[in-house]
Amino acid sequence: MYEKHRIRKYGFHGTSHRYIAQRAAVILERPLEELKLITCHLGNGCSVTAIDRGVSVDTSMGLTPLEGLMMGTRCGSIDPAIVIYMIETLGMTAAEAENMMNQQSGLLGVSGLSNDLRDIRAAAEAEHERAMLAYEMYSNSVKRYIGQYVFTMAGVDAIVLTAGVGENCDRMRRMIFAGLEPVGIVLDQDKNLLRGFERIISDDESRVKVIVIPTNEELMIVQDVITLLAK
Ligand code: AMP
């Protein structure tokens, strides 16, 4: 498939992952080339990247942005046989299946309410069952990738969060990192409530740092243009 049709993994959100990795190195006061980082871009689209000493060694999105984490309206990775079932047994067209997986799934599909986590949070706090399930599935999907990438890199110095959900939702961050104390990841629950600026939100004793960094893809693009023009 690759040799004939160039089917391959691309990954997406690279500009954002690169920006927050560089900022994390500044915040940690260590060279990027020494750090093992897991960067999580959690917005309406979501992806996680393992950055081993400055090099991206794995990322959750694939040929298209559909692979990987559960997202606002995308299902993320599911059993590929489901797609065949949708087409062969349910009689959906390929376009309908594609639309369902990209536009009607994820937080929206599971909650049945909205792709916006603010709406789902309000509903979950009112004990809406599918809203609570959506929160749990989303946080679990991030947790699983973080676990996978810790093993991919044989360790991690810091986990960095960005984008709409990563920057703003203390409840989701609390759920993602809940119970990870035995593997050296401990949130400072007060710092987790702060908003709007770069900050370390892990406890001082946490072996792995957890950092929230508002992404700035525009600045990264400007810096790249300047570098290219200088060449
Ligand atoms: P982005 O794609 O980075 O613009 O992220 C957009 C998403 O971030 C929205 O659809 C919301 O789900 C989420 N979001 C933004 N602000 C908040 C907030 N205060 N609490 C929870 N989720 C938020």
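Numbers here simply count residues along the sequence, with the first being 1. Since the structure is predicted, the reported quantities are computational estimates derived from the model, not experimental observations. Hydrogens, waters and symmetry mates play no part in the numbers below; they use all other heavy atoms, side chains included. Order of appearance sets the numbers: ligands from 1, and atoms from 1 within every ligand.
Between His41 and Thr162, the side chains place no donor N or O within less than 3.5 Å of an acceptor N or O (distance only, hydrogens not considered). Of the N and O atoms on the side chains of Asn140 and Glu136, not one donor lies less than 3.5 Å from an acceptor on the other residue.
In the hydrophobic clustering of this structure, Leu180 groups with Val210; members are Ile, Leu, Val, Met, Phe, Trp, Tyr whose side-chain heavy atoms approach within less than 4.5 Å, directly or through other members.
The CE atom of Met101 sits 12.0 Å away from the CE atom of Met71 when rounded to the nearest 0.5 Å. With rounding to the nearest 0.5 Å, the separation of OH in Tyr135 from OG in Ser111 is 11.0 Å.
Protein residues with any heavy atom under 4.0 Å from ligand 1: Gly43, Asn44, Asn115, Asp116, Leu117, Arg118, Ala163, Gly164, Val165, Asn168, Cys169, Arg195.
In this structure a side-chain-to-backbone donor-acceptor pair under 3.5 Å is present from Thr73 to Asn102.
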